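Remember, predicted model here, so these are calculated numbers, not experimental data.
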Amino acid sequence: MAQVSLNNVSKCYPGNIWAIRDINLGIENKEFVVLVGPSGCGKSTTLRIIAGLEEATGGKVYIGNQLVNDTPPKDRNIAMVFQNYALYPHMSVHDNMAFGLKLRKYPHLEIEARVKEAATMLGIEQLLHRKPRELSGGQRQRVAVGRAIVRKPLVFLFDEPLSNLDAKLRVQMRTEIKKLHIRLQTTMIYVTHDQTEAMTMGDRIVVMKDGDIQQIADPISLYDKPVNKFVAGFIGTPPMNFVKGTIIMKEGRLYFNEGKFVVRVVDAMFKGLEGYVGKELTFGIRPEDIYDKLFVSEAPSENTIKAACEIIEPMGSEAYLYLNTGKNQLIAKVGGHDKPAINSDMDLVFDMSKVHFFDKETEKTIV
């Protein structure tokens, strides 16, 4: 069994610089977990502590049921794939993949069998005689993954392994890594700053900021039910729109007043928001939940707002509209053939059942 547990793990560098503080994280056997967040959030430090490449300042790290704080990396039964591949330039692909097994004095026949199996799995059998300098970036990455596979570790650790690849190859490689996880049925922990990678690859996603875990959830729960404004804005492309305003009450109903527009809050959110009447808060809505009224039948007039379309980004099957309400900038995601003219005035409709409200001070989700 290859569960990984971090109990109150912290890392402080000289100068009282805290990389992570009191991290608690449990990863189940055979689970694919992605650590995601902006640069400097502590995700790579967390991974390196699991690997044993960094020493935790405090807390306990378990792999399986074994406490590994004082266990050297080579004895943790993990394999790590780095961003820069970390291949030996003077060795062939075959020797790079076999090197770790030779150090551990595996029998020659077993080494050959493992290298051949991994090379076949990754489609690099024809590259075994080449040197790393003769390979493309994608091929080098496959070799780095193959070197990890031959170890047959309890846990695979990936530290931003696709960031050096071009966009098309990144899409291909993330699919291959996900297929590999399904095939190997091994615990995998993957670090990235790319939320698209996180959403498409992880069974669960750990969102980090400033050394703290903000939320742990499956991709859909994370997208639909962010716990705070940071998670809501970090997950999703284009990002969620945020608008500051005030909750007001008219004739027993709640409304959000932006200053230039007023929209009615759905009854299901009444209980959560009635304590905010007269107070400022932040309204959040995703680009795909903003519609051109021309394409929405029976749109309620009280949830219709005026906006000017300033920029259009055609994306093929969809388009991003950059809108100006007179007070705020919004982004809407619409069908590729539903584009208005640039600088045209639009009537927009919000899907008010999909909006989020955040406390002004704590930035935590209200409803």
If you define the side chain from C-beta out and look only at heavy atoms, does anything of Lys306 sit under 4.5 Å from Asp345? no
For the CD1 atom of Ile216 and the CD atom of Gln214, what is their distance to the nearest 0.5 Å? 11.0 Å
Between Ile213 and Ile23, is there a side-chain heavy-atom distance shorter than 4.5 Å? yes
Short side-chain donor-acceptor distance under 3.5 Å, Ser221 and Asp218: yes
Neighbour count >12 (heavy atoms, 6.0 Å) for atom CD, Glu55: no
Report the C-alpha distance between Asp159 and Ser44 in whole Å, list the side-chain angles of each, state the deciding distance to 0.1 Å, and finish with yes or no for side-chain hydrogen bond (donor to acceptor under 3.5 Å, both in side chains). CA-CA 7 Å; Asp159 190 7; Ser44 289; 3.0 Å; yes
Can you tell me how far CG of Leu321 sits from CG of Leu323, rounded to the nearest 0.5 angstrom? 5.5 Å
Take Met121 and Leu184 through the test side chain to side chain contact (heavy atoms under 4.5 Å, CB included) and record every step on the way to the result. CA-CA 10 Å; Met121 194 181 300; Leu184 296 176; 4.0 Å; yes
Kindly give the heavy-atom pair with the smallest separation between Thr186 and Leu154, and that separation in Å. CG2-O, 3.2 Å
Between Lys327 and Glu258, does at least one N-O distance fall below 4.0 Å, as a salt bridge requires? no
Spacing of CD belonging to Gln83 relative to CD belonging to Glu160, to within rounding of 0.5 Å: 5.5 Å
Any cation-pi pair here, Arg174 with Tyr190, using under 6.0 Å and within 45°? no
I need the minimum non-hydrogen distance between Lys354 and Asp289, along with the two atoms involved. CB-OD2, 3.4 Å
Side-chain donor/acceptor of Asp359 to backbone N/O of Lys364, under 3.5 Å: no
Salt bridge flag under 4.0 Å for residues Arg204 and Glu31: yes
Take Leu103 and Lys74, measure what side chain to side chain contact (heavy atoms under 4.5 Å, CB included) needs, and give me the verdict at the end. CA-CA 11 Å; Leu103 283 182; Lys74 65 183 180 64; over 6 Å; no
Would you check if the side chain of Asn324 reaches a backbone N or O of Ala308 as a donor-acceptor pair within less than 3.5 Å? no
Arg114 side chain vs Val150 backbone, donor-acceptor pair below 3.5 Å: yes
Looking only at non-hydrogen atoms, find the nearest pair between Phe358 and Ile366 and report the distance. C-CD1, 3.6 Å
Is a donor from one side chain sitting under 3.5 angstrom from an acceptor on the other, for Gln195 and Tyr223? no
Between Ile312 and Pro340 the two heavy atoms that sit nearest each other are CD1-O, 3.0 Å
Do Trp18 and Asp210 have side chains that approach each other closer than 4.5 Å (heavy atoms only, starting at C-beta)? no
Judged by atom type as modelled, is there a donor-acceptor pair below 3.5 Å linking the side chain of Asn241 to the main-chain atoms of Gly284? no
CG/Asp75: more than 12 non-hydrogen atoms of other groups inside 6.0 Å: yes
State yes or no: do Met346 and Ile285 share one hydrophobic cluster built from I, L, V, M, F, W and Y residues joined by side-chain heavy-atom distances below 4.5 Å, directly or via other members? yes
Atom pair CZ/NE2 of Arg133 and His90 - distance to nearest 0.5 Å: 11.5 Å
For Arg147 and Tyr85, indicate whether the former's side chain and the latter's backbone hold a donor-acceptor pair under 3.5 Å. yes
Can you tell me if Arg170 uses its side chain to pair, donor with acceptor, with the backbone of Leu165 under 3.5 Å? yes
Is the shortest side-chain heavy-atom distance between Glu134 and Gln139 below 4.5 Å? no
Any side-chain heavy-atom pair of Val145 and Phe156 under 4.5 Å: no
For the side chain of Lys43 and the backbone of Gly37, is there at least one donor-acceptor N/O pair under 3.5 Å apart? yes
Determine whether a donor-acceptor pair (N or O, by modelled atom type, separation under 3.5 Å) exists between the side chain of Arg76 and the backbone of Thr71. yes
Which residue pairs satisfy the side-chain hydrogen bond (donor to acceptor under 3.5 Å, both in side chains) criterion with at least one member in residues 115-125, sequence neighbours excluded? none
So do Ile149 and Leu122 actually touch side chain to side chain, heavy atoms under 4.5 Å? yes
Between Val367 and Val243, is there a shared hydrophobic cluster once you connect ILVMFWY residues whose side-chain heavy atoms come closer than 4.5 Å? yes
When you measure from the centre of the six-membered ring of Phe242, is the NZ or CZ of Lys244 under 6.0 Å away and within 45° of the axis? no
Run the salt-bridge test on Lys30 and Asp203 with the 4.0 Å N-O cut-off and return the result as yes or no. no
Tell me the closest heavy-atom pair linking Ala118 and Gly146, and the distance in Å. CB-O, 4.1 Å
If I compare all heavy atoms of Ser353 with all of Val266, which pair ends up nearest, and what's the gap? N-CG1, 4.0 Å
Verify, without hydrogens or angle tests, whether Lys11 (side chain) and Ile20 (backbone) share a donor-acceptor contact under 3.5 angstrom. no
Under 4.0 Å between a side-chain nitrogen and a carboxylate oxygen: does that hold for Arg253 and Asp267? yes
Cation-aromatic face contact Lys250/Tyr255, 6.0 Å, 45 degrees: yes
Would you kindly check if the NZ (Lys) or CZ (Arg) of Lys209 is within the cone defined by 45 degrees around the ring axis of Phe234 and under 6.0 Å from the six-membered ring centre? no
Could you tell me if the side chain of Thr46 sits less than 4.5 Å from the side chain of Val9, heavy atoms only? no
Hydrophobic cluster membership, with links at side-chain heavy-atom distances under 4.5 Å among I/L/V/M/F/W/Y: are Met249 and Ile247 in one? yes
Return yes if some donor-acceptor pair links the side-chain N/O of Arg130 with the main-chain N/O of Val93 below 3.5 Å, else return no. no
Check the surroundings of atom NZ in Lys260: do more than 12 heavy atoms from other residues, nucleotides or ligands lie under 6.0 Å from it? no
Hey, which of Thr187, Ile177, Ile27 is the one that makes side chain to side chain contact (heavy atoms under 4.5 Å, CB included) with Phe32? Ile177
Decide if atom NZ of Lys102 counts as having more than 12 heavy atoms of other residues, nucleotides or ligands within a radius under 6.0 Å. yes
Worked verdict on Phe270 versus Val265 for side chain to side chain contact (heavy atoms under 4.5 Å, CB included): CA-CA 7 Å; Phe270 187 96; Val265 176; over 6 Å; no
Can you find a heavy atom in the side chain of Val34 that is under 4.5 Å from one in the side chain of Glu197? no
To the nearest 0.5 Å, atom CG of Leu254 lies from atom CE of Met269 at 11.0 Å
Quick one: do Val115 and Val143 end up in the same hydrophobic cluster if we chain Ile, Leu, Val, Met, Phe, Trp and Tyr together by side-chain heavy atoms under 4.5 Å apart? yes
Grouping I, L, V, M, F, W and Y whenever their side-chain heavy atoms are under 4.5 Å apart, do Phe158 and Val4 come out in a common cluster? no
Run the side chain to side chain contact (heavy atoms under 4.5 Å, CB included) check on Leu330 and Ile305 step by step: do they pass? CA-CA 12 Å; Leu330 301 174; Ile305 73 167; 4.1 Å; yes
To the nearest 0.5 Å, tell me how far Leu348 CG sits from Thr325 OG1. 9.5 Å
Establish, yes or no, whether a centroid distance under 6.0 Å links the rings of Phe256 and Phe350. no
